[in-house]
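Take a look at the structure below.
What's counted below: heavy atoms across the whole structure, side chains too, no hydrogens, waters or symmetry copies.
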Amino acid sequence: MRTATYAILLLLVISACSSKEASRIATVKNYYSGFNNGDYKLIETQLSDSLTITEGNYVMNFTPETFKTHFKWDSVFVPQVKIINIEQQENDLLVTISASSKRFEFLRNNPLVTKHLVHFTNGKISRIDNVDFINTDWKLWTEQKEGLTQWIVNNHKELDGFMIDQTLQGGLNYLKAIDLYTNRENNSTKPLEE
């Protein structure tokens, strides 16, 4: 009788862990789906009261309101995220994604393939650590970024600062800068349209 009771308890624990993992996977899928569909409400329901995103030593802390501002900036570039793989790592998930966007296209790393270690608090995403960039050409990325920013400083000072302005307007300015830079021979005599 004791053995049967232990077996039932073990099955219940395994079932609860499996259910928790399935719930976390669904949370991650919904989070990235929100970017694909431009649906911040879907993203917000997957997040804890605060969200921390890290890339190496760079740490970004968000509230739901400040993350919405970041989401609006990112949405300008029409991101499309594809989940390549999800692995359980203790209480976290290691998620490999492929992200395409107008920004990554300009920076000549489209799609950008990364690994994110996703942490949870009470079943909600509370931290995302960017732990690996797969086959990213940082030299080309830097050349594109520096070429763009320097050209804008020299030719369209009204857009200077777009690279650090992560608001909706900053994103729109970034796109405008990319367009002007990409078509600079054609745009050299055109006035900047509002």
Side-chain angles (χ1 to χ4, degrees), residues 6-142 144-145 166:
Y6 287 132
I8 290 171
L9 286 174
L10 180 61
L11 285 174
L12 288 173
V13 168
I14 291 171
S15 175
C17 289
S18 176
S19 175
K20 186 184 258 188
E21 181 180 348
S23 175
R24 288 179 175 178
I25 289 171
T27 298
V28 164
K29 286 181 177 179
N30 286 334
Y31 171 79
Y32 290 112
S33 178
F35 284 98
N36 290 339
N37 301 318
D39 184 354
Y40 181 72
K41 289 194 183 295
L42 178 61
I43 292 171
E44 186 176 35
T45 60
Q46 312 313 308
L47 299 178
S48 182
D49 291 340
S50 64
L51 174 66
T52 301
I53 298 178
T54 68
E55 284 185 22
N57 293 329
Y58 187 62
V59 178
M60 298 169 282
N61 294 307
F62 297 100
T63 64
E65 295 77 27
T66 59
F67 195 70
K68 185 174 186 177
T69 300
H70 177 75
F71 169 80
K72 288 179 181 180
W73 172 82
D74 191 57
S75 294
V76 167
F77 305 105
V78 194
Q80 288 299 301
V81 180
K82 178 182 173 195
I83 296 174
I84 298 171
N85 190 39
I86 300 177
E87 298 174 34
Q88 181 75 29
Q89 297 224 334
E90 296 180 19
N91 294 321
D92 307 318
L93 293 178
L94 183 63
V95 184
T96 305
I97 65 162
S98 170
S100 298
S101 74
K102 293 177 181 179
R103 184 170 68 102
F104 297 152
E105 182 179 342
F106 173 76
L107 295 169
R108 305 239 176 109
N109 280 272
N110 199 37
L112 183 66
V113 180
T114 56
K115 287 188 179 188
H116 297 167
L117 188 59
V118 181
H119 307 269
F120 298 85
T121 301
N122 299 322
K124 303 281 188 175
I125 297 171
S126 58
R127 182 180 180 102
I128 300 173
D129 297 322
N130 292 324
V131 295
D132 195 12
F133 291 85
I134 301 167
N135 296 323
T136 303
D137 187 338
W138 293 114
K139 183 176 185 271
L140 189 54
W141 178 294
T142 302
Q144 286 293 102
K145 183 177 123 181
Q166 293 192 346

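Glu44 places no side-chain N or O within donor-acceptor distance of the main-chain N or O of Pro64, the cut-off being under 3.5 Å. Using a distance-only test at 3.5 Å, with no hydrogens or angles considered, a donor-acceptor pair links the side chain of Asn36 to the main chain of Val81. Judged by distance alone, the side chain of Gln88 and the main-chain N or O of Glu90 form a donor-acceptor pair under 3.5 Å.
Contact annotation: the side chain of Phe104 never approaches that of Thr136 to less than 4.5 Å [non-hydrogen atoms, C-beta and beyond]. Asn91 is listed as a side-chain neighbour of Arg24, based on a closest heavy-atom distance under 4.5 Å.
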**OP:** Could you walk me through whether Thr69 and Glu65 pass the side chain to side chain contact (heavy atoms under 4.5 Å, CB included) test, one step at a time?
**Re:** CA-CA 7 Å; Thr69 300; Glu65 295 77 27; over 6 Å; no
**OP:** Could you please spell out the steps behind the side chain to side chain contact (heavy atoms under 4.5 Å, CB included) verdict for His70 and Phe67?
**Re:** CA-CA 5 Å; His70 177 75; Phe67 195 70; 3.8 Å; yes
Original post:
Given Val131 and Leu94, is the side chain to side chain contact (heavy atoms under 4.5 Å, CB included) satisfied, shown in steps?
Top reply: CA-CA 9 Å; Val131 295; Leu94 183 63; 3.8 Å; yes
Distance-only donor-acceptor hits, side chain of residues 107-117, under 3.5 Å, sequence neighbours excluded:
from, atom 1, to, atom 2, distance (Å)
Asn109, OD1, Asp137, N, 2.7
Asn109, ND2, Leu107, O, 3.0
Asn109, ND2, Asp137, O, 3.3
Asn110, OD1, Ser101, N, 3.1
Thr114, OG1, His116, NE2, 3.0
His116, ND1, Tyr32, OH, 2.7
His116, NE2, Asn130, OD1, 2.6

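Taking all atoms of both residues into account, the shortest heavy-atom contact from Gly34 to Leu42 is N-CD2, 3.8 Å. When all heavy atoms of Val95 and Val118 are compared, the closest pair comes out as CG2-CG2, 3.9 Å. Of all non-hydrogen atoms in Trp141 and Arg103, the two that sit nearest each other are CZ2-NH1, 4.3 Å. Nearest heavy-atom pair across Phe106 and Gln144 is O-NE2, 2.8 Å. Taking each heavy atom of Gly123 and Thr27 in turn, the nearest pair found is O-OG1, 3.8 Å.
Annotation: Asp49, atom CG; neighbour count of heavy atoms from other residues, nucleotides and ligands within 6.0 Å does not exceed 12. The number of heavy-atom neighbours closer than 6.0 Å to NZ of Lys124, taken from other residues, nucleotides and ligands shown, is above 12.
For the atom pair CD1 of Ile97 and CG of Asn85, the computed distance is 12.5 Å after rounding to the nearest 0.5 Å. Here the straight-line distance linking atom CD of Gln166 with atom CH2 of Trp73 works out to 4.5 Å at 0.5 Å rounding. Note that CD of Gln80 and CG of Asn37 are 7.5 Å apart. Values are rounded to the nearest 0.5 Å. A distance of 11.0 Å separates CD1 of Ile83 from OG of Ser98, quoted to the nearest 0.5 Å.
Among Ile125, Asp92, Leu51, the single residue meeting the side-chain contact (heavy atoms from CB on, under 4.5 Å) criterion with His119 is Asp92.
Between Phe35 and Phe71, the angle of the ring planes lies from 30° to 60°, which puts this pair in the tilted group.
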